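Only this structure's heavy atoms are used, side chains among them; waters, hydrogens and symmetry mates stay out. Since the structure is predicted, the reported quantities are computational estimates derived from the model, not experimental observations. When a ligand or atom number is given, it counts from 1 through the structure's own listing order.
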Amino acid sequence: MVLERVQDVASLSKESIPEEYIRSEDEQPGSTTVQGEVLEVPTIDVRDDQDEEKLLQAIVEASQHWGMFQVVNHEIPAEVITELQAVGKEFFGLPQEEKEVYAKPPGSQSVEGYGTMLQKELGGKKGWVDHLFHKIWPPSAINYHFWPKYPPSYRETNEKYTKYLHGVAEKLFKSLSLGLGLEGHELKEAAGGDELVYLLKINYYPPCPRPDLALGAVAHTDMSFFTILVPNEVQGLQAFKDGHWYDVKYIPNALVIHIGDQIEIMSNGKYKSVLHRTTVDKEKTRISWPVFLEPPSEFEVGPHPKLLNEDNPPKYKTKKYSDYVYCKLNKLPQ
Ligand code: OGA
Ligand code: NI
């Protein structure tokens with residue numbers, strides 16, 4: 001058997017882990033995580049019946065200083081999230097050969113499909129994680145080949161979640177737009193408007209006998225405008241701030257928002273894309289469901305023209321999203 005999937009590696013690793021999963025010393029979570037620190041990624045209550053000005057300020061501040069925040073009392077019903085989690089978990093519980101039906105085709109230009117690694121890492125190191133990627137919006141961008149047929153409710157459940165996500169995305173774009181001094185609709189419009197692509201990923205982090213030495217996702221910023229993530233109950237996400245790694249506390253039914261590279265670019269650096277990584281657990285499987293909001297690949301993204309003037313010259317290039325992705329994945333300068 002060729003050990004390609006981390007799920008297979010994990011089932012055979014009882015005490016030690018293969019060398020390629022052992023991080024360098026300056027990355028190992030056991031020695032680089034801040035312990036017992038009170039600082040926390042902001043939690044923002046987005047209930048409708050509250051002071052709008054205050055809410056806006058909280059979102060803007062978190063996007064400037066952390067690039068990450070958790071949202072509670074949003075409009076997605078708890079059972080919709082629970083179902084999304086249940087069907088994704090069932091997919092990863094299928095026998096390996098049934099999951100391989102959805103494997104990302106070798107040489108494919110798209111990230112869609114079941115797979116193990118996205119970026120080549122320096123030194124040939126690997127993250128302790130498998131994933132499934134597929135687009136969930138717009139309908140014209142969806143390739144159902146990559147949507148699991150088992151469990152049978154997978155499709156309906158994901159469609160329902162997508163429907164609710166639109167509302168959350170709209171509100172975030174509006175707040176971020178107002179926070180830049182633009183009109184509420186201007187940021188989303190400049191981000192592709194109705195052509196915005198929603199790309200779902202399921203991360204599957206099997207138990208790992210040496211969680212002190214391995215990482216799930218290595219430190220990175222997301223390429224998206226922003227990312228809306230649902231985790232399961234197993235702790236693991238960490239955010240980097242002022243030189244330290246902090247655990248992002250698991251809150252049931254919260255959505256974790258990551259400011260991504262494209263919003264940092266559009267805001268000309270006012271908002272910061274967050275450096276983050278994930279740790280793994282000794283006994284439990286961690287699963288997460290990020291949705292990356294991205295422009296279509298041919299779409300050009302740059303600092304919003306209305307923000308630029310003599311005192312605020314562009315700090316980033318305007319370029320096609322596909323070119324941005326190519327440079328990032330191949331570790332080339334942007
Ligand atoms: C990612 C990511 C975090 C998590 O997939 O880009 O950062 O909590 N995931 O799994
Ligand atoms: Ni990420």
Side-chain angles (χ1 to χ4, degrees), residues 6-7 10 23 27 29 33 40-41 43 63 66-71 81 84-85 88-89 91-92 104 110-121 126-136 146 165 172 197-208 211 214-241 245-264 271-281 284-294 321 324-325 328-329 331:
V6 175
Q7 214 174 339
R23 311 307 312 190
E27 276 190 297
T33 301
E40 266 178 23
V41 165
T43 300
S63 305
W66 281 91
M68 189 186 271
F69 51 96
Q70 305 209 56
V71 163
I81 291 179
L84 176 84
Q85 293 170 321
K89 187 175 172 194
F91 170 73
F92 278 92
K104 173 180 140 101
S110 159
V111 296
E112 286 188 283
Y114 173 63
T116 299
M117 220 191 341
L118 195 55
Q119 296 192 32
K120 277 217 170 54
E121 280 196 51
K126 293 179 177 170
W128 193 264
V129 61
D130 295 325
H131 63 246
L132 172 71
F133 269 112
H134 60 73
K135 291 177 188 164
I136 53 174
F146 296 113
L165 264 189
L172 283 172
V197 174
Y198 290 50
L199 174 65
L200 171 79
K201 181 186 187 192
I202 306 179
N203 288 300
Y204 188 89
Y205 306 97
C208 176
L215 282 175
V218 299
H220 68 282
T221 58
D222 291 353
M223 292 184 273
S224 54
F225 288 111
F226 53 79
T227 305
I228 304 174
L229 178 143
V230 167
N232 75 348
E233 74 289 356
V234 181
Q235 189 65 50
L237 180 58
Q238 297 189 327
F240 192 74
K241 187 176 192 296
W245 285 106
Y246 297 97
D247 287 321
V248 179
K249 190 180 70 182
Y250 165 70
I251 303 174
N253 291 317
L255 302 172
V256 187
I257 311 300
H258 302 57
I259 296 295
D261 297 345
Q262 305 311 305
I263 284 282
E264 175 170 325
Y271 300 134
K272 294 283 180 297
S273 69
V274 62
L275 190 66
H276 56 285
R277 69 180 186 184
T278 55
T279 61
V280 288
D281 192 88
K284 291 182 231 138
T285 297
R286 181 163 185 276
I287 314 179
S288 68
W289 289 259
V291 172
F292 303 96
L293 274 79
E294 304 183 333
Y321 186 57
Y324 188 88
V325 171
K328 179 118 171 182
L329 294 183
K331 303 199 185 325

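Residue L229 touches ligand 1 through its side chain alone, judged by heavy-atom distances below 4.0 Å. If you look at K201 next to ligand 1, the close heavy atoms, those under 4.0 Å, all belong to the side chain. Residue F292 touches ligand 1 through its side chain alone, judged by heavy-atom distances below 4.0 Å. Contacts between D222 and ligand 1 below 4.0 angstrom, taking non-hydrogen atoms only, involve the side chain exclusively. With a 4.0 Å heavy-atom cut-off, ligand 1 is reached by no atom of A217.
A cation-pi contact, defined as under 6.0 Å to the ring centre and within 45° of the axis, links K241 to W66.
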Got a list of side-chain donor-acceptor pairs under 3.5 Å for residues 232-239, not counting sequence neighbours?
unit_1: N232; atom_1: OD1; unit_2: V234; atom_2: N; d: 3.2
unit_1: N232; atom_1: OD1; unit_2: I287; atom_2: N; d: 3.3
unit_1: N232; atom_1: ND2; unit_2: T285; atom_2: O; d: 3.1
unit_1: Q235; atom_1: OE1; unit_2: Y250; atom_2: N; d: 3.2
unit_1: Q235; atom_1: NE2; unit_2: V248; atom_2: O; d: 2.7
unit_1: Q238; atom_1: OE1; unit_2: R277; atom_2: NE; d: 2.7
unit_1: Q238; atom_1: OE1; unit_2: R277; atom_2: NH2; d: 3.0
unit_1: Q238; atom_1: NE2; unit_2: T33; atom_2: OG1; d: 3.0
unit_1: Q238; atom_1: NE2; unit_2: D247; atom_2: OD1; d: 2.9

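Nearest to atom 9 (N) of ligand 1 among the protein's heavy atoms is N203 ND2, 3.5 Å. Nearest protein heavy-atom contact of atom 6 (O) of ligand 1 is H220 NE2, 3.0 Å.
A217 and Y205 make their closest contact through N-CE2, 3.8 Å (heavy atoms, listed as atom of the first residue, atom of the second, distance). Considering every non-hydrogen atom in both C208 and W128, the closest pair reads CB-NE1, 3.3 Å. Of all heavy-atom pairs between I81 and V230, the closest is CG2-CG1, 3.7 Å.
Shown in contact with L237 at under 4.0 Å from a heavy atom are these atoms of ligand 1, numbered in order with element: 3 (C), 8 (O). In summary, the atoms of ligand 1 found under 4.0 Å from a heavy atom of S288, numbered by their order in the structure, are 4 (C), 8 (O), 10 (O). Interface of T278 with ligand 1, defined as ligand atoms under 4.0 Å from a residue heavy atom, comprises 3 (C), 4 (C), 8 (O), 10 (O). Per-residue contacts place P290 under 4.0 angstrom from the following atoms of ligand 1 (heavy atoms of the residue considered): 5 (O).
Of the inter-residue distances, the one linking Q262 atom CD with S224 atom OG reads 7.5 Å to the nearest 0.5 angstrom. To the nearest 0.5 Å, atoms NZ (K104) and CZ (F146) are separated by 9.0 Å.
One N or O on the side chain of D130 and one on the backbone of Q7 form a donor-acceptor pair closer than 3.5 Å. Side chain of Q70 to backbone of K249: a donor-acceptor contact under 3.5 angstrom is found.
Close N/O approach between H276 and ligand 1 is found [any backbone or side-chain N/O within under 3.5 Å].
Screening L84, L229, I228 for a side chain to side chain contact (heavy atoms under 4.5 Å, CB included) involving W289 leaves a single residue, L84.
Side chains of Y324 and D261: a donor-acceptor N/O pair is present below 3.5 angstrom, by distance only.
Note on ligand 1: G236 sits outside its first shell, no heavy atom being nearer than 4.0 Å. Ligand 1 has at least one atom lying under 4.0 Å from a heavy atom of R286.
Using the six-membered ring where Trp is involved, H276 and H258 have ring planes that are perpendicular, over 60° apart on the 30 and 60° scheme.
At a cut-off of 2.8 Å, measuring from the Ni ion (ligand 2), the protein N, O or S atoms that fall short of it are H220 NE2, D222 OD1, H276 NE2, waters left aside.
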